[in-house]
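This structure is a prediction, so every number in the text was calculated from the model and none was measured.
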Amino acid sequence: MQGVQEVLLVDDNPADISLAQEALAECKRQSNRQIKISSVVDGEQAVAFLFRRGKYANQVRPNLVILDLNLPKKDGRAVLKELKSDPELCRIPVVIFSTSQANNDIVRSYQLGANCYVSKPVSLKSYFATLQSIEAFWFGLASLPQEGE
Amino acid sequence: MNTSTEKIEPPATKLRVLQVEDNPLDVELVQRELRRAGFDFTAAVVQTRDEFICQVQAQCPHIVLADYNLPQWRGMEALAILTHENVDVPLILVTGALGEVTAVECLKKGVTDYVLKGALARLPVAMHRALREKKLRDQRKEAEESLARKVEELARSNQELEQFAYIASHDLQEPLRMVASYTQLLGERYRGKLDETADKYIGYAVEGAQRMQTLIQDLLAFSRAGRKEPAKADADSNAVVKDALLNLTASIQESGAIVVCDDLPVVAADRLQLGQLLQNLIGNAIKFRKEHAPTISVKAEAAGDFWQFSVSDNGIGISAEHGEAIFSVFHRLHTRTEYPGNGIGLSICRKIVERYGGKIWVESTPGEGSTFKFTLPAGAGQAKGASA
């Protein structure tokens, strides 16, 4: 049994973050895994959080990043690029979670090193189911690198 | 193109005559004839090719009167220059002698008329006719140009509208997703915790938001049907219809529908769009059924370079007065409780069919059934009329 799983949600819409938190809270109840969710609302905050800069200096590195593509200040693609160019941070799995279903967004994301691309479902039911699948896959099925090794 | 030459000058403007003539006496005789006929004109006289070009470019004459034989060049060359300069000016040959054969040849080449110097009295008549014809030509050209402009404007505004529909529906999806999700969440988390009225109202909000989501998705599908470039590859209708039936499995089973498909052709259309088209039509045939299980048949027959498909049912049918309207966006003949839907399906069908240069229409007897027919271009390598 692993310890607490840290998830970083990057989304400019607080309503979307709440929704994802609700969904992940439901996951927690079902999977009995311990999940801690942090969230930031723009690309600059996301980078600062991940590189532990400024007020995020004491942050624990997340085990999973759920990243929206269209973000203010720094675009999700730029965040992804920066993250995947860093020798340390590149091993953190990044799930792109965007409403865009455009093929060029999907292709570009994988080119930049996204670990998977998931379209935000429109209905609440599939939204919850999707986040449950993401949680189950990354924290249940996949083996993740242990932090600090 | 020099646009000033195309304008029809108001009568107040003097008629600009360009004479190509080396004989001063003939120049004078022609001018006298014009004055006598009441022409209010200014005349420029040129003798050489270069002078002619210079005058045509600078003065934009209304009419050219050219001698057939000149010492350095020929009147017919003037015509060639006008053609080359893309200037539409009537040219009348004014000449001492011109055999009938030569005359006919000149007219064929585009000379407006010819007048013999010995019969100059005919010149005014010839000029009036030439100028009248030119005016009509200009008017027709202007009408054609204005029509072409309108067509272009219409195409552009249509395109803008489609773009707008796409962007609007795409961008509306996001906030709407929030409204739908949170009203649903409210409904789930707080059912029975408020009061009955609250539950009912939340139910209305959830339903409204969900309906709007379907509507927006349909609108998006509609605008995408127009945006997508027609595919280069052909589609085998047999495989496409099979997929469509697979997608309709639930409603086929629920209604007990029997769908009979003939051997269908290969058509020059995008596979996905053809699928959408057939699925919409077959889906409608199932939806608008009578009490009993519907029987639906899908057929195709050759029609020149096109295939004419038909999807027939024994459902409720459509009265003739609605035959055309059902293909327009949001047009519904029934209430949502009778038959669900947004009234977008058939407009998508029409858009797809028209994208490939085809047509779609309905033939129906109310109470007995409908046959939707549409045409699509035959796929490459399909022998015309090689109907199965």
Side-chain angles (χ1 to χ4, degrees), chain A residues 9-30 37 39 41-43 66-72 75-77 95-108 117-135, chain B residues 162-163 165-191 193 199 202-229 231 233 250 270-273 276 340 342 344:
Chain A
L9 280 173
V10 189
D11 202 308
D12 61 326
N13 185 355
D16 239 331
I17 288 180
S18 293
L19 210 56
Q21 278 169 336
E22 287 276 359
L24 288 173
E26 194 124 346
C27 295
K28 263 199 283 199
R29 280 196 290 277
Q30 284 175 15
I37 303 156
S39 62
V41 293
D42 66 52
I66 298 178
L67 178 65
D68 191 9
L69 278 187
N70 296 317
L71 296 169
D75 193 45
R77 299 157 190 86
V95 176
I96 300 296
F97 197 44
S98 163
T99 39
S100 166
Q101 291 174 19
N103 191 46
N104 53 348
D105 277 335
I106 298 170
V107 171
R108 182 89 186 109
Y117 190 107
V118 178
S119 291
K120 274 183 196 168
V122 175
S123 83
L124 182 71
K125 221 170 154 186
S126 25
Y127 189 93
F128 273 44
T130 301
L131 277 171
Q132 267 166 32
S133 300
I134 292 173
E135 193 272 345
Chain B
E162 254 162 39
Q163 187 81 7
Y166 181 78
I167 291 170
S169 41
H170 188 261
D171 289 359
L172 281 175
Q173 253 191 336
E174 260 310 280
L176 186 59
R177 188 167 61 83
M178 291 301 123
V179 175
S181 295
Y182 278 101
T183 46
Q184 234 173 303
L185 211 53
L186 270 178
E188 279 171 23
R189 299 275 161 87
Y190 295 91
R191 183 168 305 281
K193 287 184 186 163
D199 285 350
I202 290 173
Y204 288 156
V206 168
E207 199 188 296
Q210 280 173 344
R211 211 164 68 213
M212 195 155 159
Q213 280 185 321
T214 329
L215 194 64
I216 284 182
Q217 273 157 20
D218 288 350
L219 253 184
L220 265 171
F222 177 68
S223 60
R224 275 200 200 108
R227 282 157 61 91
K228 195 160 183 178
E229 285 300 309
D270 178 79
R271 200 192 145 91
L272 289 176
Q273 291 200 320
Q276 202 175 8
N342 288 325
I344 279 183

*Contact origin within A:Asn13 toward chain B - heavy atom pairs under 4.5 Å*: side chain
*So which part of B:Leu185 gets closer than 4.5 Å to some heavy atom of chain A, the side chain, the backbone, both or neither?*
both
*Report the C-alpha distance between B:Glu174 and A:Thr99 in whole Å, list the side-chain angles of each, state the deciding distance to 0.1 Å, and finish with yes or no for side chain to side chain contact (heavy atoms under 4.5 Å, CB included).*
CA-CA 8 Å; B:Glu174 260 310 280; A:Thr99 39; 2.6 Å; yes
*Nearest 0.5 Å, what's the CZ-CD distance between B:Arg189 and A:Glu22?*
4.0 Å
*Minimum heavy-atom distance between A:Val122 and B:Ser181, given as atom pair plus value*: O-OG, 4.4 Å
*Give, as side chain, backbone, both or neither, the part of B:Gln184 having an atom under 4.5 angstrom from any heavy atom of chain A.*
both
*Taking atom CD of B:Gln173 and atom NZ of A:Lys120, what is their separation to the nearest 0.5 Å?*
12.0 Å
*Is there a donor-acceptor pair closer than 3.5 Å between any side-chain N or O of A:Tyr127 and the backbone N or O of B:Arg177?*
no
